[in-house]
Each structure stands twice: as structure tokens, then as C-alpha cells.
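Reading through the C-alpha cells given below for one structure.
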Amino acid sequence: MSNVKEMPDYLRLHADDNVVIATRPLVAGQLLRVDGNPITLARPIPTGHKIAICPIPAQTAVRKYGQPIGIARESIQPGCHVHTHNLQDRHRVVETITSTNPPAKPSPLRRSFQGYVRPDGRIGTRNYVAVLSTVNCSATVCHKIVARFDDQRLRRWPNVDGVFAASHTTGCAIEFDGRKHQMIARTMAGYADHPNVGGRLIIGLGCEQNTPAYLAGHHGIVPLHAPDGRPLTRDDGVPMLTMQTEGGSQATITRGERMLEQVLDLANQSTRTTADASALSIAVECGGSDGYSGITANPAIGIVSDRVVACGGTSIISETTELYGAEHLLCDRSRSPDVAQKLVDLLHWWQRYVAHYGGELNNNPSVGNKAGGLSTITEKSLGAVSKSGSTALEAVYDYAERVTTKGLTVMDTPGFDPASVTGKVAGGANLVMFSTGRGSCFGCKPAPVIKVASNSELFHRMRDDMDLNAGEAIAGKSIEQLGDEFFEFALRVASGERTASERNGFGDHEFVPWTVGPTL
């Protein structure tokens, strides 16, 4: 006799919902019983998609998670497929927040991991060396230098996890010290001074706006003045090379290779030691979401967020465009009305920004999201916000701003995963929890990415890319149990256990800074 719990045909997420979610492909004419009432399916229903369980009049709310996810375009009968053809988003963001209701702080939790203690007291979960380009014009030189340090050569520095190039598409043809300049420089500085980076080399062309001198003057990155030949010390500052001064690309590559050896020698002096889990700063992210993401993977990541906060650490949720429609849940949990107001002000900015280009925030759900069962941005956001767990929202940060607040925080980023994660890592996140329902293969250096599959079919189909299976929740395992298991895995990864993306060698091309402003 089997002990395996049979998967139901559908899930009803809240008693107030007027839709249920198919847990497997269902056929036209199939009979479901919901609250004892027979419902005959009018057409085939794909996995993860919504089914009406009662009459839904036109222009009335469709409810999932106990929340409205949109308005019915037309009258919808029981057994009908509810999706983009008969559902539209009508969400409105409030203008002013006057009160909040933050929850009590969670009971303290004491845990530890094996990390790298940096001079400023922050703790890294990895020990990388970064080669950063100030401008796209020096990007190729950075990659050429990194290419000279293959796995065989890096065996000379066993305490270093690797060398990566952080290059980008801007750095010039921008207003000096304007918003775009500030954003790219802030992002670069966040990577150069990241707790997971034990050494860095910065390379510029020489005539760009985003010069090494600007980084030194505006972001406290002290340039190196030590001559070649003398071993680097931790007091020497950051090595910076300028291609025009060095005599061109080949001369810069040659000198950069010599300097990078010294950087590696210094970084190799770092070793893991026991650190309190309050030093953890996790970035929670979702990409390639489906109809299960907000039911399984995201709530399980929310448990991890709660555990990290209970340890005294930091959790960073972002993707501002994917909070639209669920922002009221975070606003209510905000530490103060000022914190909540900053979040709604960002959403109003995004509405104006997107409208300037003829778009709307409901353009966010991708083709893959919709194929997976998500119909509106509000529906997507209500699932996405569950990654934040249940603790109070303590602060809201600008893109790539250094996150210094403990507890749950929001960072303003777009929904595009590489740009979103880049901002949070620049802000100091030393670990990434990333849910996916369609199958993202995302990796990031210098922060390890833990990928959580929202469903078992994906977990087994893309096993080489997935770390954890939240699909077990559909088979009966509780979200809290899954979250606790995922938290233990996160502690092991923080201590050095490699993730799937690290085993695959991913993360060299995912440095994608978001900038706002014209290219001149």
C-alpha cells in the first residue's frame, strides 16, 4: 500500500477565492467538486492556470490568495478558464500613507556559518577577485586579463573562489555626476567593495565620464600608489589602470596581469572562520515565474527571509514593478508611514516612467509567465511579495545603494532579473535565493545563487540547474517545513557548499547595472 499522498486536481488558496488552480493538465468535460459542488470544465486547463468556481459577473473582481487579481472583462461561468482573454488589471496605488501596522519582531535565532571576515567587519560567503571596467571601452581588456587566469592557473591561489570581470555598456556619453553616472558608479563601487570580493582591479580608458578618479572622489575607493614589484598590503588601496596612460590595450593587459597576480596573492590570505548568521544579507528574487511560484517557492523563500531576520540579518526584496498590486501588504507591515510612503512614491514614479514610453506596469508579465498561468501584474506581484516573509518592512533603498539596515528591506529595481540582482548584490547581498517556475538558469558572481524550483516537474527536468524543489509542497509538505530545510541549505551554501549555477560556472556575464537617463 503506497504512503504517497495523491496530488489533488486543483488547489484553492483562500476561502474567499472565486478561482482554483489546476495542479495537472485537465481536460474539457472533466468534473471537479469544489465545496461539494460539481463543476464541469468548459475547455482544457493547463497546469498552474485558474478555473472559475462560481459565476463571476463582468467588471467584478477575480480573487486569488484572498485578494483581487483583476477585473472580469466579461461574465465568467463556473468551469471556465480564467486568463488574459477574460481578465484585466485595474489596480490603483494610493497616494498617501497615514498609518501602518508593523508586526512584532520575531523571536531571536542564533545560528552561524563559515565566512570571510573583511577589514570593515562585514562577512563574505565567497572570496572572489573582481576586474571592473569603468566604461564599456575597457570591457574587452578586462575580459582579456581574466581569461589569462584559467582554472589550472588559479590553483596557485586555493583560497580564492575565482576571478570575474564586471563590465557593462555605459560609463560615457552621460551627464557628469548626473543620475545615470551616479547609478553606474554606485553599482561599480558596491561590487568593488563587496564582502564577497577579497581583491579588485579597476581599468578605465582615460577620457570617459566615469573615471577611476570619479570613483575615488565620490565613492571612497582609494587608488593604489604602490609600485609594481612590491607585494600589495591591505593598506595600499585599489589598483587602477588607465589604458591611454599605460600605452594602449596590450600594455594594459600585460601590466594588469602582473597586478592581478599581486591582488590574488593578497586575497589568498583570507580563510573561512566562524561568523554569526546576523552577517547574512540575502537577496530574494523570482524569475521565469509560473502559477505555482506564489504558492510554493516564493512562500518557502519567505520563511528563509524570516529566519535570516530572526538571526539579526538582512533580507532584500526588489523588482519594484513586481510589487505593484501587492504593495499594500508591505505598506501595512512597514515600520513607519514614512517607509511605506517611500515605497508608494516609487510605484508612482514607475507608472510615470513606463507611461513616458507608451507602456504600463501590466506589460511586465512575460510570455513565459502567462504560459505558466499568470494573467496580470497584480496576480504576479501577490505571489512575488510572499518572498518577503512576514516581518516588518524596515527601510526602502535606491538602486545599488549600500543596505545598512537590519531586517526586511526593499530596493528599487526593475523586474529584469540580471539588473535586479546586480543592484542587490551592489547593495551588499552576500547570498541570493532565486525562485523559478519556468526554469531560469541564472548565476551571479560574486554572490552564490540558490535556485528554487516551484514545481517538481521543472526540478527533475532541469536538475542540473535547480538546487531545491518547492514542488514538494503540492504533494503535502508544509511551506514552513520546506522553508526551514531551505534555510539550512542556505547556511551550508554560505559556508562554501556550491550551488548548481556555481558548478555550471555561471555568473560571468550577469553584471547588468540598471541606469536611468539619456545616452548623449
Side-chain angles (χ1 to χ4, degrees), residues 9-23 25-32 34-35 37-94 288-295 319 321-329 347-348 350-352 354-355 357-385 415 437-438:
D9 288 329
Y10 66 87
L11 294 174
R12 189 175 186 181
L13 305 180
H14 193 278
D16 292 340
D17 290 352
N18 50 16
V19 296
V20 295
I21 315 303
T23 61
L26 305 177
V27 299
Q30 186 170 341
L31 181 66
L32 302 181
V34 181
D35 295 335
N37 298 317
I39 295 173
T40 302
L41 300 185
R43 56 168 290 181
I45 307 293
T47 302
H49 284 241
K50 298 174 290 297
I51 308 161
I53 57 174
C54 63
I56 305 174
Q59 302 303 307
T60 61
V62 174
R63 302 184 72 87
K64 178 182 174 183
Y65 305 112
Q67 301 280 338
I69 61 171
I71 301 295
R73 296 178 185 271
E74 59 194 37
S75 178
I76 304 174
Q77 298 304 311
C80 286
H81 184 206
V82 179
H83 198 34
T84 54
H85 63 287
N86 56 11
L87 179 62
Q88 60 184 334
D89 196 87
R90 286 282 186 87
H91 182 69
R92 297 292 183 269
V93 180
V94 300
S289 299
D290 70 348
Y292 284 138
S293 293
I295 302 170
E319 302 175 284
T321 54
E322 296 178 16
L323 299 179
Y324 174 83
E327 76 284 344
H328 59 287
L329 302 177
L347 285 166
H348 286 299
W350 272 100
Q351 287 179 306
R352 295 190 300 271
V354 172
Y357 296 96
E360 59 183 40
L361 293 182
N362 196 46
N363 297 145
N364 173 285
S366 69
V367 171
N369 294 154
K370 293 173 182 177
L374 298 177
S375 307
T376 66
I377 183 57
T378 296
E379 180 184 8
K380 184 177 181 181
S381 295
L382 286 166
V385 79
R438 303 292 291 174

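Side-chain contact between Leu32 and Leu41: present, with at least one pair of heavy atoms (C-beta onward) separated by less than 4.5 Å. Annotation: side chain of Val19 is in contact with side chain of Val62 (closest heavy-atom distance under 4.5 Å). Using a 4.5 Å cut-off on side-chain heavy atoms (C-beta onward), Gln67 and His14 make no contact. At least one side-chain heavy atom of Ile21 sits under 4.5 Å from a side-chain heavy atom of Lys64. Side-chain contact between Gln88 and Gln59 is present, with at least one heavy-atom pair separated by less than 4.5 Å. Using a 4.5 Å heavy-atom threshold, the side chains of Thr47 and Asp290 count as separate. Residues His328 and Val94 fail the side-chain proximity criterion, which asks for heavy atoms closer than 4.5 Å. Considering only heavy atoms from C-beta on, Ile39 stays 4.5 Å or farther from Val20 through its side chain.
Formation of a donor-acceptor pair under 3.5 Å by the Asp89 side chain with backbone atoms of Gly70 is not found in this model. Side chain of Asn86 to backbone of Arg73: no donor-acceptor contact under 3.5 angstrom is found. Remark: side-chain polar atoms of Thr60 are not paired, donor with acceptor, to backbone N or O of Ile56 under 3.5 angstrom. Judged purely by atom type and a 3.5 angstrom limit, Arg352 has no side-chain atom pairing as donor or acceptor with the backbone of Ala355. Judged by distance alone, the side chain of Arg12 and the main-chain N or O of Asp17 form a donor-acceptor pair under 3.5 Å. Remark: the backbone N or O of Ile71 is not paired with any side-chain donor or acceptor of Arg90 at under 3.5 angstrom.
The aromatic rings of His85 and His83 lie perpendicular to each other, with more than 60° between the two planes, well past the 30° mark. Using a 30° and 60° split on the angle between ring planes, His91 and Tyr324 fall in the perpendicular class, above 60°.
Asn364 approaches Glu322 most closely through the heavy-atom pair ND2-OE2, 3.3 Å. Heavy atoms only, all atoms of each residue included: Arg63 and Pro68 are closest at NH1-CD, 3.9 Å. Counting all heavy atoms, side chain and backbone alike, Gly372 lies closest to His49 at C-NE2, 3.8 Å. Considering all non-hydrogen atoms of both residues, Ala72 and Pro57 come closest at CB-O, 3.7 Å. Shown here for Ala22 and Pro46, the closest heavy-atom pair between the two residues is CB-O, 3.6 Å. Of all heavy-atom pairs spanning Gln30 and Asp9, the tightest one is NE2-OD2, 3.6 Å.
Each of Ile45, Ile69, Leu374, Asn18 was checked for a side chain to side chain contact (heavy atoms under 4.5 Å, CB included) with Lys50, and the lone residue meeting it is Ile69. When each of Leu13, Leu329, Leu323 is paired with Leu382, the side chain to side chain contact (heavy atoms under 4.5 Å, CB included) condition holds for Leu329 and for no other.
Distance CG/Asn37 to CD1/Ile53: 8.5 Å, rounded to 0.5 Å. Separating the SG atom in Cys54 from the CD atom in Gln77 is a distance of 10.0 Å, to the nearest 0.5 Å. Here Ile51 contributes atom CD1 and Leu11 contributes atom CG; the two are 10.0 Å apart, rounded to the nearest 0.5 Å.
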